[in-house]
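This report concerns only the one structure given below.
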Amino acid sequence: MKQNVIPYGRQSIEKEDIEAVIAVLKSDFLTQGPGITRFQESLIKSFDSGFVSVLNNATAALYVAYKAIGVGPGSTVWTVPNTFVATSNAALLLGAEVDFVDIDPNSFCLSVDDLEVKLEGAKKSGSLPDVVVPVHFGGLPCEMSKIFELSKIYNFKVVEDASHAVGAFYNGSPVGSCNFSEASVFSFHPVKIITTGEGGAISTNSSELNEKISRLISHGITRDESLFEGQKGLPWKYEQLELSLNFRMPDILAALGESQLTRLSSNINRRLEISDRYKKAFMELPIKIQSGTTGAISSWHLFVIQTQDDIERLNLYNFLRSKGVLVNVHYIPVHHQPFYQKLSKDFYDCPNSLTYYSRAISLPMYHSLEDEKLDFVIETVKDFYLK
Ligand SMILES: *Cc1c(COP(=O)(O)O)cnc(C)c1O
């Protein structure tokens with residue numbers, strides 16, 4: 001990477017990470033070994049949940065979590081358009097119908113008011129969702145206690161897309177503790193909070209759900225004799241009880257994740273520091289910053305600013321890129337992707353998501369971002385507005 005180029009996000013790999021990976025390479029198990037159990041145990045402690053299963057990526061984790069709670073043909077899944085396409089794609093791949101709920105203009109996360117209005121409408125037309133998927137955008141937890149209340153009234157299940165939110169807290173508990181959901185899904189892609197190169201996890205408090213998840217990660221196969229439908233007592237025997245694929249994480253990557261996890265709190269503290277610096281620096285500028293959600297502590301996966309309009313966004317984007325600040329935009333509203341436009345013309349329009357998108361820029365935000373580079377980003381943004 002050129003010295004003067006600053007990406008919007010990147011991994012940080014330390015000597016101990018490399019040593020942990022090498023140790024697995026020299027061991028007997030590259031996959032399906034003790035490293036997976038160890039990483040899962042560490043995540044259970046970190047998330048303060050009953051069970052965690054790791055997988056090859058968060059897209060697979062969404063697919064498996066949805067399937068395990070019963071999403072399939074005839075199901076309806078709602079999420080927000082301000083997310084990566086995987087959140088809704090995984091539901092479509094299972095044969096479910098998908099629709100969208102708008103975001104709140106301040107938190108950039110699911111709007112509980114909009115959800116309530118949409119649920120009331122759906123109740124009248126007999127089209128209530130089976131599952132709602134709040135996305136903790138940029139690492140800021142959604143208003144989970146309110147979403148949970150609505151889930152009891154309108155009888156839907158909640159799966160958290162917590163891909164951005166490893167290390168975030170809500171009402172004093174880590175995201176992943178699943179106090180207000182059936183399951184939470186995490187991503188360990190290199191731009192996310194901790195990385196395994198590619199990887200994901202599902203957290204849940206339900207042993208029954210966790211059993212299904214474990215099975216779906218490995219071909220729908222079980223070795224638990226109490227679940228066998230056929231002959232028992234054969235030492236080599238396994239049974240395939242349902243249809244699935246191989247979504248396993250190898251031990252090589254689990255070792256990387258376990259090592260990364262030991263630095264989670266210093267990682268989050270640095271992100272908090274960076275977000276505070278940005279917030280203070282931009283106070284006098286016509287820039288809007290993500291806020292809201294009572295009781296939430298963000299993991300600051302992304303630092304998104306909102307410009308005053310779409311033209312200013314384009315100009316600022318080009319200006320920052322020309323100075324080597326490799327800003328990005330999160331997210332193009334999913335329901336406006338060509339695939340989704342062809343799929344249906346009936347998606348709820350979500351005006352806040354469209355306005356949000358037209359003004360959004362993600363500034364550099366990562367654990368190892370040096371102060372000099374942070375200063376440079378801040379000065380460059382100030383130059384754009386003040387010169
Ligand atoms: C990154 C991401 C995913 C997919 O994660 P992968 O591990 O890359 O499959 C899903 N949802 C959201 C919100 C994400 O940011």
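All ligand and atom numbering here is 1-based and tracks the order in the structure. All values derive from a computational prediction rather than experimental measurement. For reference, positions follow the sequence shown, starting with 1.
- Residue Tyr238 places its OH atom among 12 or fewer non-hydrogen atoms of other residues, nucleotides or ligands, all under 6.0 Å distant.
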(request) Check step by step if ring-ring contact (aromatic ring centres under 6.0 Å, His included) holds for Phe347 and His336. (result) CA-CA 9 Å; Phe347 293 128; His336 279 216; 9.5 Å; no
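- Using a 4.0 Å cut-off between a side-chain N of Lys or Arg and a carboxylate O of Asp or Glu, Arg263 and Glu16 qualify as a salt bridge.
- A salt bridge links Glu239 to Lys237: one of the charged nitrogens lies within less than 4.0 Å of a carboxylate oxygen.
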Mind listing the N or O contacts between ligand 1 and protein, cut-off under 3.5 Å?
{"residue": "ligand 1", "atom": "5 (O)", "partner": "Ser187", "partner atom": "OG", "Å": "3.4"}
{"residue": "ligand 1", "atom": "7 (O)", "partner": "Ala58", "partner atom": "N", "Å": "2.9"}
{"residue": "ligand 1", "atom": "7 (O)", "partner": "Ser187", "partner atom": "OG", "Å": "2.8"}
{"residue": "ligand 1", "atom": "9 (O)", "partner": "Ala58", "partner atom": "N", "Å": "3.3"}
{"residue": "ligand 1", "atom": "9 (O)", "partner": "Thr59", "partner atom": "N", "Å": "2.9"}
{"residue": "ligand 1", "atom": "9 (O)", "partner": "Thr59", "partner atom": "OG1", "Å": "2.6"}
{"residue": "ligand 1", "atom": "11 (N)", "partner": "Asp161", "partner atom": "OD2", "Å": "2.8"}
{"residue": "ligand 1", "atom": "11 (N)", "partner": "Ser163", "partner atom": "OG", "Å": "3.3"}
{"residue": "ligand 1", "atom": "15 (O)", "partner": "His164", "partner atom": "NE2", "Å": "2.7"}
{"residue": "ligand 1", "atom": "15 (O)", "partner": "Lys192", "partner atom": "NZ", "Å": "3.0"}
{"residue": "ligand 1", "atom": "15 (O)", "partner": "Tyr331", "partner atom": "OH", "Å": "3.0"}

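- The one candidate from Val52, Asn210, Leu55 that meets the side-chain contact (heavy atoms from CB on, under 4.5 Å) condition with Ile202 is Leu55.
- With respect to the salt-bridge test (charged N to carboxylate O, under 4.0 angstrom), the residues Arg277 and Asp375 qualify.
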